Structures are given as C-alpha cells and as structure tokens.
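Here's the structure, in structure tokens; my notes come after.
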Number of protein chains: 2
Amino acid sequence: MFSFTLDATPPRRSATCPLTQNGYFVNIRELARRSGVSTATVSRALNDRAEVSEATRERIRRLATELGYAPNEPARTLVRRRSDTIGLVWDSGQEAQGLHNPFLLGLLSAVRTALSEADYHLMLLTTPAPEDPEGTHLQAVRRHNLEGVIVLTTPPDDRFLRLLAASTVPCAGIDTAFTGPRTVRVSSDNAAGAEAAVEHLYALGHRRIATITGPLHLPPAAERLAGYRRACARLGLGVPEAYVAEGDFFLASGQAAARRLLEVAERPTAIFAAGDQMAIGALHAAADAGLAVPRDLAVVGFDDIDAASLVRPALTTVAQDQRALGEAAVAALRGLLDAEPGAGAQPAQARIVPTRLVIRGSSRSGA
Amino acid sequence: MFSFTLDATPPRRSATCPLTQNGYFVNIRELARRSGVSTATVSRALNDRAEVSEATRERIRRLATELGYAPNEPARTLVRRRSDTIGLVWDSGQEAQGLHNPFLLGLLSAVRTALSEADYHLMLLTTPAPEDPEGTHLQAVRRHNLEGVIVLTTPPDDRFLRLLAASTVPCAGIDTAFTGPRTVRVSSDNAAGAEAAVEHLYALGHRRIATITGPLHLPPAAERLAGYRRACARLGLGVPEAYVAEGDFFLASGQAAARRLLEVAERPTAIFAAGDQMAIGALHAAADAGLAVPRDLAVVGFDDIDAASLVRPALTTVAQDQRALGEAAVAALRGLLDAEPGAGAQPAQARIVPTRLVIRGSSRSGA
DNA sequence: CGCCCGTTTGGAAACGTTTACGGCACACAG
DNA sequence: CTGTGTGCCGTAAACGTTTCCAAACGGGCG
C-alpha cells in the first residue's frame, strides 16, 4: 500500500515553468504521487466519473484545491479531441463601424456570459486582411480544435465567412446572412419591431407616416421596411411611394431623406426611421424646417444606440435585446453541436428574438 | 533509404475527427509519410529551422498547403510549454456601461489586430460572478498556459483583478489602476488632453472657463482636473472654486453641474467637461437657460463618443486614440514578456499615449 | 469451497507536436 | 588514407491528459 517513490525522477523543466502555485509544478502526476494513487484515478476523480469511491474522490479533490491544481487544457484537448472552445468573429469592416458599434459590445458581453455558463471557452478570431489566403477562419478552427463559431453582424459579402459557412463547421450568426450545411441565423424580429413602431404612431393619432429605410440589400433593412408596409396595410394607411426614402443607416442620409419627405405635398406627420442615426438626422431636418418635435413631427428610430437617450428630444426607438440575441445564438450553436452531423438534415431554422419599444420624447411630449 | 511503412498502423480515430480537409485527417505524420521524410524534418521545415535543405523544405511546404494542413496548436502548446495566447479581461460591471461602451469596442478591435500582427492568439476571459472562488483569472491563465493578460478599463476595486496583478502573470492594463510585480499601465494623456481643451477655449477668446469633473477617486477624472488647473494657471486664468463642479460621467450629473455653473455670479463663458455625456448634459442646460452654443457658451467634452458627432451642435471633444492605446498595451505586454522575470526589476513605467482635439460646432460656429 | 459479478484501481497506450542526440555522407586539409 | 568538420536527417523521448483493458478484491450464491 505504501508505494512511495518520492522524487524518483525529478521532472525535467519544472523549475522553468512560469506559472506555478507555490514555486513547484503541480500536475496530475504530482497529485497522484501525493495521494498514493495512479494518475488514472486522479483523472477520474477530478472529472466526476462514477467508478471512483467517494472517499478517494474527496481526498483527491481536497488535495487538488489545496495545491491550487489547474488542469492543462491543451493536454486535455489533445487527447479528448475536443476543446470546449468556440470562436468568435465580428466584422472589422470600417463601413459598419458607426452603425453597429454600441450594439456589438452588448452582443459580445451576452455571448461571453452565455458561453461561460455553458462551460465553453471563447477565442477571438482575427479578421483576416484582404490579402490573406482564403480559409483563414477555417484554418484557425482546425488549429485550435474549435467546435463552432459565432459570427456577429457581418456584411453578407465576406468571402472568408462564406468559406466558413460552406464548411461543416457549426456556425451561429447574429444578424448575418449566411447559409451553409451547419449554420443557424439569429436575429431580432425586425418586421415585428417596425410594426410596433408604426402602431405606436398610429395610436398617437398619426395617419401620415413615412419611413426612411436602410440599404435594402441588407436583410434587416428589408425586413424593417416589410414590417412598416404590413402595419400600414393592416391599419388602412396608404403608403404613397414618396413616403419611402432610402438611406444608408448613417446620419447624413437620414437628414437628407427627411428633408425630402418633408417637402412632399401631403407632408407626413410622423417618420419611422430604420436606424437611430438616421432618426437623429430626421430630428435635425425637422429643426432645420422649423418643425417642433414631437408636436409637428414625431420620429421613431431603431436600435436604441447610446445617443438615442442623449439627444433632445430623446428618441423613441425600437430596442434590440442584445442579451437575448447572444443567448439565442449560443443556444442555437449548442443545438447544432449536439445534433450529430449528417444525422437529421434539419434546415436549422432561424431564431427570432422579440424587440422592445422604448418610448421617449421624440414621439410624445408627455413622457 | 526506402523505409516505406505505408499504412502500418492506421490511425485510430481518424475517421471520426470532425475537421478534416478532404475527408481524411492530415497531421504531421501524414505529411512525413507522403513526402518520405521523418516527422522531425517536417516539423523543422514548417517551422523554418535552418537544418533543412531548401529543396525538402519547399517540397514539404507545398504538400502542406496542398493538403490543407493546419498545425495542432494544443499539441504544440503542450510540448513547447507556451501557447502564444494572451487573455483579455474587461469590466462587465453594469455601472460603467454607459460610460465606456463605445470606447471599449475600439480598444478591443485595436488590441485584437495588434496581437494578431504579433502572432498571438486571443482568449476572452469571462468575468467571474461575485460568488466565484478567488483566483478564477489565475486559474484560467494556468489552465490555458496564457502568457499574459490585457485588462481593459476596469474599476480599481475588482478583487479578482487584484489577485491577478499580485501574481507573476504579466499584465497590461488600459485605463486600469492596478499595480503588481509584472504589470504595466497604459492610458491616454488625460492631463495634456485637458490642457489642450483649455488652450483651445483660451485661443477662442474665453477667459472664464469652468469645468465639470468626473468622480475624483478615478485616476482619469483626477488627471483631467489637474490638466485643467495647470493650463489655467499657465494662462493666468483664475479658477474660483465655484468653477469646479463634480459629476459622475453621466448626462444628468453634467446637466445639473452646468446649471449650477451658469448661476455663478461671474458666469463662465466656456465649460470643459471631463466626459462627453456630461458635456452633452451641459448643452442641454445651456438650452434650458436660453443660451446659444457656442455664441453664449462654449462646451468641450472628453472621449469622442459616437453621440458627440450626432448631437446639435456637434460636440468639440478630446478624442482618445483607441488604436494607439491598444497597440501600446500590446507593446507593453510584449516588453514584459521579453524581459525575463526577476531579471531587471524595472518598475514598468506607465505608457502614455497622446490625445487629439476634435473641433466641432460646440466651441466655434465657423467649423 | 469454488465461481461469478460488481466495484475500484493500476498499467500503459494513445493524442500531435518539438527537440536533444546521434548518425550518415560528403568535402577538405593534413 | 585518415581525421575532422559540416550539412542534413532519423530515432525516440518527452509534454499532461484521458481511457481501454486487465487485475485485485470482496461478497453473495450455489
């Protein structure tokens, strides 16, 4: 029973390992030596396998926390062939910065906490430079044994991403329009959000409601326009073509579009803009035209960026639930991971999370 | 010479490995088999070691790219005892959200690209829940063999972080007030930025310049106030105590502080606010008081958040260079990594990156 | 008393890489 | 012709885990 072979073979490079608890290196072998069992048993104890007696399990665990043992993940990954790690990609394209910035960080936080609650680790993938070889993302996935990738709000024409989506790597995208054998798309209910905005304006008495859209080749922009149209139709509001102005999600385009809308013969009394920056632009246009908001013109935006609550009057807007989006993406990805590839060829339907209307001064003065 | 042992031992689980290029698994052994050399040579060729002939190196590399070989990082990490990976921590505290949100994402991007240019990988560490055991970050560092950690804008009282900083793990913090044996702090030149703001107002003819500070226990807030005072002293401007109002970096506090400042007998003609949200609050206060900006009152902020360019008049502000901050943090961390621990006990002086004054409509109408 | 079974344990082989060490072939000087 | 160096390469041992397989042990049952 007493098979103490203390210091039989001193480990080779222990002294140089930078990260030790008390100066000496503690791995599973050290734990085994100290507690007089084999490494197999230690591994079983720490991994909560059933085939260990309660007594030894407890003993080993106490020793492990006492010595500050931390399992070596690379070694585990190597032998288990799974890393419990997922990759994260987000667009670094400059063009979308102004648009998505504040939104992204909320998503990032949400994804991070949701993943860590599911005991996954998170690796940030670097967006490849344009001259990088194709498949950079795929390479990263293979190098690190990543089990899946979460993609945040990336333009649909990213060739690196298309390659990734086309592979068998499980991907969950938030506000991302890719499609592939093992991908899921998660997004806000853009249409319903737009409908809610229109209904809100209708309830306030508005009957001439115009809209400023985003670039219509982007799915969110198209969906918000569709929601606007559907609500108008349902409420019996006519939508003359002059009431639909296209913007690019940025402030200047919103201001210009609003200026045009305000010159229409049947001047609209309310504007629903598909993005907050454009809505703020509409506020400026109203001021330029000498119109008081919300008395002469009501404005509703979309996204609830930081600035929405800082401008004056504060902007009524359709808020996306970043936390829910992040959690939905993680849940969707886990679903993809659990489903064995090739098994059920379920089309991995898109997940839609609801939005929330935040009512502020730009639509009604009472609030 | 012809020691072909083709298919001597078929690899055990190749078929089940999910991430293969063409259906079969390609590792360094496969490359060796196909090119008729040993794994040692393959490794040397791929790692650009000198002891390989140019011919075989080229042959092996071509084969590698042709087969889509990706090195197994966990295995490399295991044997090399270094992961080329650094960890990233940022504050998840809700209270700072409104303040740092837009800023953080820029930092994140900058850090990510700077790290990937230096061939490091990035792992997101999850902020531990309050009930988590101490040392969670340290555990993560040891588990993943992380070589260092970058910390973004975290309140000084985070106990998890204090533990990390106290360890021998190299840490670089941006806008973070920790100190430890192997830590560097990187931050903007808050004092100089404040001075530049005051000088700008002085150059426009203002002589009665007040300030709204942040919470003075936070280093950035204190430094900005110090810069304001220094510039005023240098320019011969008196600073009556009533000209200094403390806020909390949020809009409401700025609005309230500005209201107080505008009631002072010698009413200031310009206000320097240590944060953009507070500056926007000052704009609102001016509007409430019937003062036109910038004619009756000039306002300068700090940070250049998104909203600064969206409000009306647009806000003149001191922009922090997020990219430079990120790069400086990475450079500082690399310095820490290169310096052997225990060698030169250099105190790892703080790195300061310059700010940039962005002049917009809130300080002068011409622009 | 012998056998079988269930529980707990240990030995050892993997996982994919890097690298210390030694060996072979060749060139060149003595 | 021998010795010495140099350039290139192969063998094998690590790195810290997990897990397959077998073994030890004790107990119940025929």
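A quick note: this is a predicted structure, and the numbers were derived from the prediction, not measured. By convention in this document, chain letters (A, B, ...) are assigned in the order of the sequence lines, proteins followed by strands, and residues within each chain are numbered from 1.
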### Message
What's the separation between atom CG in B:L122 and atom CG in A:L125, rounded to the nearest 0.5 Å?
### Response
10.0 Å

### Short side-chain N/O contact from B:R80 to OP1 or OP2 of C:dT18, under 4.0 Å
no

### Message
Does this structure show an ion pair linking A:R76 with A:E73, if we count only N-O contacts that are shorter than 4.0 Å?
### Response
yes

### Message
Any side-chain N or O of A:N47 below 4.0 angstrom from OP1/OP2 of D:dT18?
### Response
yes

#### Entry: B:R44/B:D48 salt bridge by N-O under 4.0 Å criterion
no

### Query
Could you state the CZ-C1' distance from B:R33 to C:dG16, rounded to the nearest angstrom?
15 Å

## Note on the structure
In terms of heavy-atom contacts, A:H137 and A:T127 come closest through NE2-CA, 4.4 Å

### Task
Would you mind reading off the distance between B:N27 atom CG and C:dG16 atom P, rounded to a whole angstrom?
5 Å

### Query
Counting distance only, does the side-chain N/O of A:R142 pair as donor-acceptor with the main-chain N or O of B:G68 below 3.5 Å?
yes

### Query
Which residue, A:A70 or B:R57, contacts DNA chain D at a nucleotide closer to its 5' end, judged by nearest heavy atom?
B:R57

### Message
Categorize B:P71 for me: base, sugar-phosphate, or nothing, with a 4.0 angstrom heavy-atom threshold over every strand shown.
### Response
sugar-phosphate

### Query
Once you round it to whole Å, what is the distance between C1' of C:dT17 and CG of B:N145?
14 Å

### Summary
Whole-Å distance, A:E73 CD to D:dT18 C1', equals 13 Å

#### Entry: Interatomic distance where CD belongs to B:E30 and P belongs to C:dT17 [whole Å]
11 Å

### Summary
Whole-Å distance, B:R29 CZ to C:dT18 P, equals 13 Å

### Task
Give the rounded distance in Å between these two atoms: CG of A:L78 and P of C:dA13.
17 Å

### Message
Run the salt bridge (Lys or Arg N to Asp or Glu O under 4.0 Å) test on B:R61 and B:E58 for me, step by step, so that the C-alpha distance in whole Å, both residues' side-chain angles and the decisive distance to 0.1 Å come before the verdict.
### Response
CA-CA 5 Å; B:R61 302 208 125 173; B:E58 206 40 54; 5.9 Å; no

### Query
Of all the choices, D:dG16, C:dT19, C:dG16, which nucleotide is nearest to the side chain of A:R81 once you look at every atom?
C:dG16

I'd like a list of close polar pairs between nucleotides 6-11 of chain C and the protein, N/O only, cut-off under 3.5 Å.
from: C:dT9; atom 1: OP2; to: A:S53; atom 2: N; distance (Å): 3.2
from: C:dT9; atom 1: OP2; to: A:T56; atom 2: OG1; distance (Å): 3.3
from: C:dG10; atom 1: OP2; to: A:S38; atom 2: N; distance (Å): 2.8
from: C:dG10; atom 1: OP2; to: A:S38; atom 2: OG; distance (Å): 3.2
from: C:dG10; atom 1: OP2; to: A:T41; atom 2: OG1; distance (Å): 2.8
from: C:dG10; atom 1: N7; to: A:R44; atom 2: NH2; distance (Å): 2.9
from: C:dG10; atom 1: O6; to: A:R44; atom 2: NH1; distance (Å): 3.3

#### Entry: Phosphate OP1/OP2 of D:dT18 contacted by A:R49 side-chain N/O (<4.0 Å)
no

### Query
Any chance the side chains of A:T113 and A:S116 put a donor and an acceptor closer than 3.5 Å?
no

### Task
Specify the separation, in whole Å, of atom CZ of B:R82 and atom P of C:dT17.
18 Å

### Query
OP1 or OP2 of C:dT17 sitting under 4.0 Å from any side-chain N/O of B:Y69?
yes

